[in-house]
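Numbers here simply count residues along the sequence, with the first being 1.
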Amino acid sequence: MIPDRVLGFRVTPMTRRRLHHFRANGRGFWSLWLFLALFTGSLFAELIANDKPLLIRFEGHTYLPIFTAYPETIFGGEFQTETDYRDPYVRQLISAKGWMVWPLIPYSYRTINYDLPVPAPAPPSAENWLGTDDQGRDVVARLIYGFRISVLFGLALTLFASLIGVAAGAVQGYFGGLTDLLFQRFIEIWSGMPTLYLLIILASVVTPNFWWLLGLLLLFSWMSLVPVVRAEFLRARNFDYIRAARALGAGNLTIMVRHMLPNAMVATLTFLPFILNGSITTLTALDFLGFGLPPGSPSLGELLSQGKNNLQAPWLGLTAFVVLATMLSLLIFVGEAVRDAFDPRKTLGR
């Protein structure tokens, strides 16, 4: 049952029918829940895969290493630096007077396993479930952290690009005329800029990071929603209720936001899952080419690159491919369900 109110907002009959059609699409509905479960789990990556214990009980005191850095001297060591909990000497000191609770995967994305029985990349084993990469780092830990950063990057890029694209398309469609003409010529020129070449040039000048890549890609990603919103505003600006709002003295901003934007948001929401898919793919491609996140960062594209460079270790490429294909497929299924839910032939039909 769909409640009458969600977060204090009344659920209209139209919204109720759209939610009903979305739930009727079983593939998209369960894909959404599975994707949310995977993403929510990755948000707590430090509690699942970490080279620090979750909890330490030593000499009657409780310590939380994942939140606080403790020097080795607290546990009877000799150094004032942060404790290396994987050091056998430190483990022996703590075990003598207390105990530790480790995460499910006792490796972080940057932890190197120096006790491998074979040269890296090591095949899957009981200690490293999906093996290690060519630097001896656990593949499962890097997948969890890489999944999180890929989805967060895609969500951030989709959010900011959608805000700019909706605003630009609304201005074009509402005012039309010379404003629309100048904006269209600007978009034609701006969309022809070689994005990859700019990334290569700027990567040689500055060290790319999460926010640097987000800002640069945002310069070119906002144009995807402009044609859709522009068409909706061009279609609706001469409707009778818009003319009536102007006659009653409503301002341009009020008319655009209150009366026209809700209609344009239908098409916008339909495209959002596919834009998120493209944002994640863009980051993966840049990491694969070596122009993405800084070296050492957990990345699905970097793992794909390692699979290409280490054909004798097929678990690297296959693991990254399966995770990436699953994530993108789930988003595509959700996008198809959203598209069907907002289809007026299904929403308004019998």
Side-chain angles (χ1 to χ4, degrees), residues 34-35 38-39 41-42 45-52 84-88 91 102-154 196-197 199-200 203-204 207-210 213 277-332:
L34 180 56
F35 177 79
L38 294 174
F39 177 55
S42 69
E46 286 78 8
L47 302 178
I48 301 173
N50 208 324
D51 56 1
K52 300 177 182 179
D84 181 8
Y85 300 96
R86 297 184 59 83
D87 188 349
R91 289 190 175 191
W102 283 89
L104 181 64
I105 302 171
Y107 296 96
S108 181
Y109 68 89
R110 60 180 179 272
T111 306
I112 299 177
N113 188 356
Y114 293 101
D115 300 324
L116 293 174
V118 295
S125 62
E127 186 175 2
N128 302 107
W129 300 343
L130 294 177
T132 66
D133 62 5
D134 55 7
Q135 298 183 33
R137 299 169 298 191
D138 187 74
V139 173
V140 177
R142 293 188 65 80
L143 280 178
I144 296 174
Y145 285 88
F147 183 90
R148 179 176 67 178
I149 197 171
S150 296
V151 176
L152 288 177
F153 182 89
L196 181 59
Y197 290 153
L199 286 170
I200 295 175
S204 63
T207 302
N209 54 43
F210 182 93
L213 284 174
N277 218 336
S279 302
I280 295 175
T281 306
T282 301
L283 178 64
T284 304
L286 290 176
D287 289 332
F288 178 80
L289 296 174
F291 301 109
L293 297 172
S297 301
S299 167
L300 299 178
E302 191 260 351
L303 194 59
L304 283 173
S305 178
Q306 288 200 27
K308 178 181 71 70
N309 297 330
N310 298 275
L311 297 180
Q312 78 282 4
W315 57 87
L316 294 176
L318 289 176
T319 300
F321 170 76
V322 169
V323 172
L324 190 61
T326 302
M327 174 173 56
L328 298 182
S329 298
L330 291 177
L331 290 175
I332 288 295

Would you name the heavy atoms of [X] and [Y] that are closest together and state the gap between them?
{"X": "Asp138", "Y": "Glu127", "result": "OD1-O, 4.3 Å"}
{"X": "Ala141", "Y": "Ala49", "result": "CB-CB, 3.9 Å"}
{"X": "Ser150", "Y": "Gly146", "result": "OG-O, 2.8 Å"}
{"X": "Asp287", "Y": "Ser299", "result": "OD2-OG, 2.6 Å"}
{"X": "Gln135", "Y": "Ile112", "result": "O-CG2, 3.4 Å"}
{"X": "Trp315", "Y": "Ala122", "result": "CZ2-O, 3.2 Å"}

Does a donor on one side chain and an acceptor on the other come within less than 3.5 Å for Asn113 and Asn128?
yes
Return yes if some donor-acceptor pair links the side-chain N/O of Ser305 with the main-chain N/O of Gly301 below 3.5 Å, else return no.
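Looks like no, no N/O pair under 3.5 Å.
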Tell me if a side-chain donor or acceptor on Glu302 pairs with a main-chain N or O of Ser297 at a distance below 3.5 Å.
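The answer is no, because no donor-acceptor pair under 3.5 Å joins these two groups.
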[atom1]/[X] to [atom2]/[Y] distance, rounded to the nearest 0.5 angstrom?
{"X": "Ile105", "Y": "Leu143", "atom1": "CD1", "atom2": "CG", "result": "9.0 Å"}
{"X": "Leu293", "Y": "Ile149", "atom1": "CG", "atom2": "CD1", "result": "4.5 Å"}
{"X": "Thr281", "Y": "Leu286", "atom1": "OG1", "atom2": "CG", "result": "11.0 Å"}
{"X": "Arg86", "Y": "Asp51", "atom1": "CZ", "atom2": "CG", "result": "7.0 Å"}
{"X": "Leu324", "Y": "Thr319", "atom1": "CG", "atom2": "OG1", "result": "12.0 Å"}
{"X": "Arg91", "Y": "Asp84", "atom1": "CZ", "atom2": "CG", "result": "9.0 Å"}

Using 30° and 60° as the class limits, which term best fits the ring planes of Tyr109 and Tyr145: parallel, tilted or perpendicular?
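Judged by the thresholds at 30° and 60°, the geometry between Tyr109 and Tyr145 is tilted.
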Side chain to side chain contact (heavy atoms under 4.5 Å, CB included) between Leu330 and Leu38, worked out
CA-CA 11 Å; Leu330 291 177; Leu38 294 174; 4.2 Å; yes
Would you check, one step at a time, whether the test side chain to side chain contact (heavy atoms under 4.5 Å, CB included) holds for Leu303 with Arg142?
CA-CA 9 Å; Leu303 194 59; Arg142 293 188 65 80; 5.5 Å; no
With a 4.5 Å heavy-atom cut-off, do [X] and [Y] have their side chains touching?
{"X": "Lys52", "Y": "Ser108", "answer": "no"}
{"X": "Val151", "Y": "Ser42", "answer": "no"}
{"X": "Asn309", "Y": "Asp134", "answer": "no"}

Please lay out, stage by stage, how Tyr107 and Val140 fare under the test side chain to side chain contact (heavy atoms under 4.5 Å, CB included).
CA-CA 9 Å; Tyr107 296 96; Val140 177; over 6 Å; no
Could you go through the side chain to side chain contact (heavy atoms under 4.5 Å, CB included) check for Leu213 and Phe291 one step at a time?
CA-CA 9 Å; Leu213 284 174; Phe291 301 109; over 6 Å; no
